[in-house]
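Here the structure is laid out as structure tokens; the discussion comes afterwards.
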Amino acid sequence: MSGNGGALEEAKVPLIDDLASTEKDDENGPLRERVWIESKKLWRIVGPAIFNRLASYSILVITQAFAGHLGDLELAAISIANNVIVGFNFGLLLGMASALETLCGQAFGAKKYYMLGIYMQRSWIILSICCVLLLPLYLFASPVLKLLGQPNDVAELSGMVAIWMIPLHFSFALQFPLQRFLQCQLKNMVTAWVSLVALVVHGIVSWVLMYRFRVGVVGTVVSMNFSWWVLVFGHLGYTVCGGCPSTWTGFSTEAFSGLWEFIKLPAASGVMLCLENWYYRKLILMTGNLENAKIAVDALSICMTINGWEMMIPLAFFAGTGVRVANELGAGNGKGAKFGTAVSVVTSSLIGIFFWLIIMILHDKFALIFSTSDPVLKAVTNLSFLLAFTVLLNSVQPILSGVAVGCGWQSYVAYINLGCYYLIGVPLGFFLGWGFHLGVMKEVIKTFLLSYWSSFLSKCQSLLYWGFQAEKTEQV
């Protein structure tokens, strides 16, 4: 692949020794030893990343759990605001920030450390502009949701919740680049500790606002805003106060140069992830058009929340694989990147099988975390088996997306996502759902179709990768 606007300029600081761990593997060594060495490199990134992502996502889950015990309407409103309004923007901003995994990962592997701070600042600028452009979705959430067929009471409360979530929205523009900046330097324990502090703070603040001051659904949103900004200031404080002396040398006007050229990769990354992410959000929206919409929204959102919770593990492998591939390619070791991908796929698949078994065993119990409503519990139990298979199938797809990020293939994968999810998955979902009048189950079928086409997408990405001539690999 050709260069991306001088993306990997020469470093202006001394080299850092022994951090990237990009030495070429001994291809003639025992397979077990090679797997062990690669696993240690991978888990150095993935272990803290799993905790970080689980803690961050648990902030959203705790918020939804508190809302669920207020009532079905409050749970439906928080679910739609979280999964649709915030989720719509979350996928785009997270995808755009993932471009740093390509740029910072390859720069770090190539020992060109100065550019990591510049890349992060450019990402801050671009994501902040995007946040401003996306702001009307929060301000006009109620009329938009009504237009999309949501019940009036759900749409009104969701719109009010969405306005209170605006601080959360802007926190993404700083938080996502900061996490990837630190992750590419293998400073994952920092993000893990900051996430732990934010999670503890969120639990305490949520309890105080809900049970001491009894401020209702607004209190759950305020506590979530506060906790996400704890994440931002924790990571930012570590970065600017001397935690990254070689990669952060202060704010620079150089961050404003070459923005137009720089934006191409974040834009492709955003499209790659958001096409998949938006497909999930459509499921929640469409349940609002069913009879007894509150129960349908509650049940499906609980299943998607459980799926999203477990999905943090494959997403950690997504990040770890992206960093490992980028580091190896930056060091000129394409075959090492290929071997690292194989290790990551097998490891994540084994973890997916474990959680498939857990959900199958506890299929009638896990919904109690979010609701005590008998209709909701019954609906979730009916959906739980397909949820288990969704978890299983989705244990591979993010890892292969990580390969795409590490190699800088985001634009290619965006086309694959468009074809798999929207040209094939959506028409089949509509046909099976409305054509056969399956009621609530039509949403479940589309969820399962999503999983199936995620698997198909994975195969497409793997074909792209395994057909890749490693020895001819060029940096992005």
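We use all heavy atoms of the structure for the numbers below, so side chains are in, but hydrogens, waters and symmetry mates are not. The first residue in the sequence is number 1, and the count goes up from there.
- Put simply, CG on L392 and CZ on F354 are 13.5 Å apart, with the number rounded to the nearest 0.5 Å.
- Side-chain contact between W193 and Y238: absent, with no pair of heavy atoms (C-beta onward) separated by less than 4.5 Å.
- The shortest side-chain heavy-atom distance between F339 and V35 falls under the 4.5 Å cut-off.
- Taking SG of C244 as the start and CG of L182 as the end, the distance is 5.0 Å to the nearest 0.5 Å.
- Residues M120 and R180 form no side-chain contact, since every pair of their non-hydrogen atoms from C-beta on lies 4.5 Å or further apart.
- No donor-acceptor contact under 3.5 angstrom links the side chains of S395 and S348, judged on distance only.
- At least one side-chain heavy atom of I359 sits under 4.5 Å from a side-chain heavy atom of V391.
- S349 places a side-chain N or O within donor-acceptor distance of the main-chain N or O of V345, the cut-off being under 3.5 Å.
- Using modelled atom types and a 3.5 Å distance limit, the side chains of Q175 and H235 yield a donor-acceptor pair.
- Applying the ring-ring contact (aromatic ring centres under 6.0 Å, His included) test to W229 and every residue at least two apart in sequence or in another chain returns F233.
- A donor-acceptor contact shorter than 3.5 Å links the side chain of Q121 to the backbone of G250.
- Side chains of Q185 and T247: a donor on one and an acceptor on the other come within 3.5 Å.
- Note on ring orientation: taking the six-membered ring where Trp is involved, the planes of F90 and F172 are perpendicular (angle over 60°, cut-offs 30° and 60°).
- Counting heavy atoms from C-beta on, the side chains of F170 and V132 come closer than 4.5 Å.
- Checked options L178, L100, L103; the residue passing with S123 is L100 (criterion: side chain to side chain contact (heavy atoms under 4.5 Å, CB included)).
- Under the 3.5 Å distance criterion, the side-chain polar atoms of S223 are matched with a main-chain donor or acceptor of T220.
- Side-chain contact between P177 and L127: present, with at least one pair of heavy atoms (C-beta onward) separated by less than 4.5 Å.
- A donor-acceptor pair under 3.5 Å is absent between the side-chain atoms of S128 and the main chain of I125, judged by distance alone.
- Neither side chain, H202 nor S58, offers a donor N or O lying under 3.5 Å from an acceptor on the other.
- Taking OH from Y114 and CH2 from W248, the interatomic distance works out to 10.5 Å, rounded to the nearest 0.5 Å.
- Atom CZ of F226 is separated from atom CG of L231 by 11.0 Å, given to the nearest 0.5 angstrom.
- Judged by distance alone, with hydrogens and angles left aside, the side-chain atoms of N225 form a donor-acceptor pair with the main-chain N or O of W164 at under 3.5 Å.
- Side-chain contact between Y113 and T249: absent, with no pair of heavy atoms (C-beta onward) separated by less than 4.5 Å.
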